[in-house]
Amino acid sequence: INCILILCEKGKMGDSFPESLRYYDLRLRYSSDMMRAAAEQDLGRACRWAEDDTGLPIVLLSGSFFKKLTVARGRGKGLLRCTPDDKMEQANKKKKFTRTGNTEPELYPQGTEEFETKCYREFWRAKKHCKSPHFDCDRKGNADWCNNPRRFLLFGRPQIGKTGVFLHLAWLLWEATEGRVGPDSDNADNSSVQVDIPVDDDESDDDVGEVDGRDPAAFSALPCHEYVRDELTWQDRATLSAGKYGLPGDNVIWDWYVKEGKDSVHPTALETTTAGTTHRKVSVVSVSTARTAATAALDGASSAQVVSAAVLPVDPPKWLAKFRATPLPSQSASAAVPADGDESGAVCLRFMLLNARGDGEQVQLWVHQDNLNAWWDDPQPGKIPTLKAIDKEAQRIRFPIFMPSSGRSAIGLLDLAAAFPNMPYNQIVVVKDCEAETYRRGRPKLSVLVLPPSADVLGNHAARYWIIAFAKLATPNFPYLYMMDDNIEYWKGRTLPMDPNPQFGVPASKEALFTDISLERVLEDFQGDVFVGTELSHFAVIGFARAAGGYKDNSARWPYKRTHVYSAVIINVAKLKECDVQYDPRLHAWGDLDLNERLQPALVCKCQRYLQVKKQLAYGNQYMVARPPAPTEPVDPPESGPASPEVALGPVEPLRKLIEDAGLKKTSVDKALELIEAAGGDYDTLLLYDKYESFSGDLVQMGFVGFEPIKLWKILHPKV
């Protein structure tokens, strides 16, 4: 839509215009006198980060302004010879200020020294008599404010990233003081700090009693299977708090998802769901933009670069990315999809695995030649590839890392490089066949396990089923794997209150302490020779505490619990095979809880010293999606004519039908349908909201720009 924006002295200085800005007309301003600060801020609105001049706006200037910018006067550039600000004046117009060899005042930066500020400090002062006095006016007697050595001037070109630099400075100060909040902090010599961490509501250990006098095995560095088996009682789903799909302990809702395998949200789950509250999506665009700009400014960005927030990358900068997983660099639609055996080095291994009915289906493993040589035995055509035996002394992660992902090729936290600062790791992203090209495009070194086409209409637990089916045959030498969600951002080591055996280099106190640790540290702890040789084989699944929900005081006091685990788990493939238990590929919700329950009395253990912190992503496999039911038998396509209604029904069709039945115009709603479709058909999630404010706020985070959420809200909630 073409738009003409007219500024009437109400635009904020420092605002950025979108990258779609094409013409910026300043001809009515600065026809004669001008102030440097105002002129630079006005021109700054057209600035942006860009690799070249392509797409930069054209700025229209008056003749006098153009001459001021391009013609040097005396010994300085034109704009540098202007009065710095309309709230400033010369300190003494009668006195001549000189420097060595000069007899005339040097009130302005000389030559091309645009960052020179000494002349302003020496020869200019704040105006006393003006409508809106300068901030420094009449502060002479206030602790000599103007000459305060602790006062600094942050000076840089418009849109170069000054706000980000300020945030970076705050981070560095916090890091330098180790997070202390005041001079009386008890954490002066510690690398950890007492903070409130959002944790699962089911982690409370208040019913256990005092921590003193217990078996030392209760606080061992890693779980002891005899203690977990003999001393801890299994806490089934009835002890769990409600999640986004409702309350797991409600048998009616449980049967809906698990027994019947429904792919829609149970109606009564709306009474207890946390969707739209603890799972509210938070906008990080502006913060990420500032951080990235700060990094560029600190790294000395070229003066030839001009700035725009619209095209800044969203990857966290190095100074804020300690041990954090991030999205992989985004790829353009024209980027090449690596082909088997081409110059990219990509290799495709095709083999057959049995589905839940016992029928063979083809699976593909795409792996770069370098990774194939490093981690896999020599593959045989049509045979299932196997992982190499890793020497115990080798400095590498022994657990293969499987990461199921759907609909998040651009935003999923697939890049684990920062989470493994020292040791090589073998990561395999597991995707649907219909999304394989999207994930692999321009990423030849990304190892990708492509599921059979039958999994395209199933949920995440189908991916977990195929991971276990593959791992049972691919891990003969080390029958364990680590499986994680694609939105786990970073990890914290938790020193429990009064922990007699603290693990993260800080002494225990009356309150829990949290220390930054890497995923590398977590997996390295559990692959140690002693633990693998004596303990790991006795556990079926080992999981970890999870940060989620609202902020509250942490009440976990015990390092281990026999309870449900999910999101990030170490799985003993041999134990699952021994117990003849597998993920149910039919399930769209609570498949991990179902697996944990069916594994009993085998040992499922949650380790509460390790805390996973998840990032709420705007769309993808995080939420349940209304999809057509998976056929129990293969469905042959019709020989001619249109597809059957069961096949043609798409994820947004229920919403489209609501719109048509309401008789509303589709002009603005069509955009909503496109976005829902692009986000994986996330229709059921929109039904979970009970408050319009939460609903509209989250729609904005999903990209519903220029759309009136109230229209969609009324369609989805006609009785509200």
Side-chain angles (χ1 to χ4, degrees), residues 198-207 232-279 404 458-465 483-485 487-488 540-550 552 555-556 560-569 571 581-608 612 614 616 621-626 684-685 687-690:
V199 294
D200 276 344
D201 292 336
D202 60 310
E203 286 193 2
S204 174
D205 292 338
D206 293 339
D207 59 325
L232 300 183
T233 303
W234 169 250
Q235 300 181 26
D236 61 17
R237 57 185 170 86
T239 65
L240 300 179
S241 301
K244 57 179 174 266
Y245 303 129
L247 191 64
D250 187 321
N251 289 328
V252 174
I253 300 178
W254 177 264
D255 291 346
W256 175 271
Y257 295 133
V258 177
K259 301 297 183 183
E260 302 176 34
K262 297 289 187 179
D263 62 354
S264 59
V265 179
H266 191 276
T268 62
L270 297 173
E271 301 172 3
T272 56
T273 180
T274 59
T277 55
T278 59
H279 291 270
L458 300 178
N460 278 345
H461 300 298
R464 293 181 172 93
Y465 168 87
M483 189 188 307
M484 65 182 294
D485 288 355
N487 63 334
I488 298 177
V541 182
I542 293 176
F544 307 95
R546 187 170 71 98
K552 67 184 185 67
S555 57
Y560 310 112
K561 294 176 69 174
R562 286 189 68 181
T563 187
H564 285 278
V565 292
Y566 34 81
S567 300
V569 291
I571 296 179
V581 174
Q582 242 281 34
Y583 285 97
D584 189 337
R586 302 174 304 116
L587 303 189
H588 292 261
W590 293 348
D592 36 20
L593 305 185
D594 171 61
L595 179 83
N596 296 334
E597 298 251 307
R598 289 188 288 112
L599 274 172
Q600 299 307 310
L603 297 185
V604 176
C605 178
K606 175 186 279 190
C607 299
Q608 302 200 107
Q612 49 173 312
K614 305 187 77 172
Q616 299 302 326
N621 54 339
Q622 177 185 3
Y623 299 111
M624 177 174 292
V625 176
D684 279 4
T685 300
L687 294 174
L688 292 176
Y689 292 91
D690 56 355

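Note: hydrogens, waters and symmetry copies are ignored here, and every other heavy atom, side chains too, is used.
Rounding to the nearest 0.5 Å places OH of Tyr566 at 12.5 Å from CZ of Arg464. Annotation: the span from Asn251 atom CG to Lys259 atom NZ amounts to 9.5 Å, rounded to 0.5 Å. Atom CG in Asp485 sits 8.0 Å away from atom CZ in Arg546 (nearest 0.5 Å). Atoms CD and CG, from Gln235 and Asn596 in turn, are 12.5 Å apart once rounded to the nearest 0.5 Å. Residue Tyr560 holds its OH atom at 14.5 Å from NZ of Lys606, rounded to the nearest 0.5 Å. Atom-to-atom distance recorded for Leu587:CG and Asp263:CG is 11.0 Å, nearest 0.5 angstrom.
You'll find the side chain of Pro404 reaches within 4.5 Å of the side chain of Met483, heavy atoms only. Side-chain contact check for Leu595 versus Val581: some heavy-atom pair is nearer than 4.5 Å. Between Leu603 and Trp234, every side-chain heavy-atom pair lies at or beyond the 4.5 Å cut-off.
Closest approach of Val565 and Cys605 over heavy atoms only: CG1-O, 3.7 Å. In terms of heavy-atom proximity, Ala540 sits nearest to Leu599 at CB-CD1, 4.0 Å. The minimum heavy-atom distance between His588 and Gly459, with the atom names listed, is CE1-N, 3.6 Å. Of all non-hydrogen atoms in Ala568 and Ile488, the two that sit nearest each other are CB-CD1, 3.6 Å. Shown here for Ser567 and Lys614, the closest heavy-atom pair between the two residues is OG-NZ, 3.2 Å. The shortest non-hydrogen separation linking Ile542 to Cys607 is CG2-SG, 3.7 Å.
Ring geometry for Trp590 versus Trp254: interplanar angle under 30°, hence parallel rather than tilted (30 to 60°). In this structure, Trp256 and His266 have perpendicular ring planes: the angle between them is above 60°, well past the 30° mark.
Salt-bridge check for Asp592 with Arg237: failed, with every basic side-chain N at 4.0 Å or more from each acidic carboxylate O.
In this structure, the side chain of Tyr245 does not engage the main chain of Tyr257 through any donor-acceptor pair within 3.5 Å.
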For Leu240 and Thr563, run side chain to side chain contact (heavy atoms under 4.5 Å, CB included): C-alpha distance rounded to whole Å, both residues' side-chain angles, the deciding distance at 0.1 Å, then the answer. CA-CA 9 Å; Leu240 300 179; Thr563 187; 4.3 Å; yes
Does the side chain to side chain contact (heavy atoms under 4.5 Å, CB included) test come out yes or no for Tyr583 and Ile571, once each step is laid out? CA-CA 12 Å; Tyr583 285 97; Ile571 296 179; 3.7 Å; yes
Go through it in stages, so that I can follow the logic: the residues are Glu597 and His564, the test is side chain to side chain contact (heavy atoms under 4.5 Å, CB included), and I'd like the CA-CA distance, side-chain angles, deciding distance and then a yes or no. CA-CA 8 Å; Glu597 298 251 307; His564 285 278; 2.9 Å; yes
Between Arg586 and Tyr465, is a side chain to side chain contact (heavy atoms under 4.5 Å, CB included) present by the stated rule, with each step listed? CA-CA 10 Å; Arg586 302 174 304 116; Tyr465 168 87; over 6 Å; no
